[in-house]
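Only heavy atoms go into these numbers, but all of them, side chains included; no hydrogens, no water, no symmetry mates.
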Amino acid sequence: MLGMLFNDKECRELDYVLRKELDEMLLDLSDQRLDQDIRGAIAKRYNTIFRMYARFAPSKELSKYARRTRVQAKP
C-alpha cells in the first residue's frame, strides 16, 4: 500500500485524468471491432481505474461510470 497527499488542484487534476481515461475505455469497450481478448484486457484495466476513482469521487459522479456486469447462471 502506498499513501499520497495531494493539494486541491492536484486532486482536481487526478479526478479529470481518471474520468477521461474511464471515458476512453468505455468508448473502446463499445467498439465491436475489437478482439474479445483485447476487450477483456480493457475491462480489467477499467475495473482498476474505476476502483481508484471510487475512492474520492462523489457517488453521483461514480454512478455515471458504473458498468453492468453479466452474471451467467450455472446450469
Beyond-backbone contact of [X] with [Y], side-chain heavy atoms, under 4.5 angstrom:
| X | Y | answer |
| --- | --- | --- |
| R19 | Y65 | yes |
| I42 | L34 | yes |
| L27 | S30 | yes |
| I49 | M52 | yes |
| F56 | L62 | no |

Are more than 12 heavy atoms from other residues, nucleotides or ligands located less than 6.0 Å from atom CG of D8? no
Could you give the distance from [atom1] ([X]) to [atom2] ([Y]), rounded to the nearest 0.5 Å?
| X | Y | atom1 | atom2 | result |
| --- | --- | --- | --- | --- |
| M25 | N47 | CE | CG | 9.0 Å |
| L22 | E24 | CG | CD | 10.0 Å |
| K64 | L26 | NZ | CG | 12.5 Å |
| L18 | R51 | CG | CZ | 13.0 Å |

Would you confirm whether E10, through its side chain, and N7, through its main-chain N or O, come within 3.5 Å as a donor-acceptor pair?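 Checking the backbone N and O of N7 against the side chain of E10, a donor-acceptor pair under 3.5 Å is found.
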For the residue pair D28 and Y46, confirm or rule out a side-chain donor-acceptor distance under 3.5 Å.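 Judged by distance alone, the side chains do not pair up.
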E61 and Y53: side chain to side chain contact (heavy atoms under 4.5 Å, CB included), yes or no, with the steps? CA-CA 10 Å; E61 281 292 316; Y53 185 58; 3.7 Å; yes
F50 six-ring face occupied by R67 cation (under 6.0 Å, within 45°):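 Here R67 fails the 6.0 Å and 45° test against F50.
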Are L5 and L2 in one and the same hydrophobic cluster, where Ile, Leu, Val, Met, Phe, Trp and Tyr link if side-chain heavy atoms are under 4.5 Å apart?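 No, no single cluster joins them.
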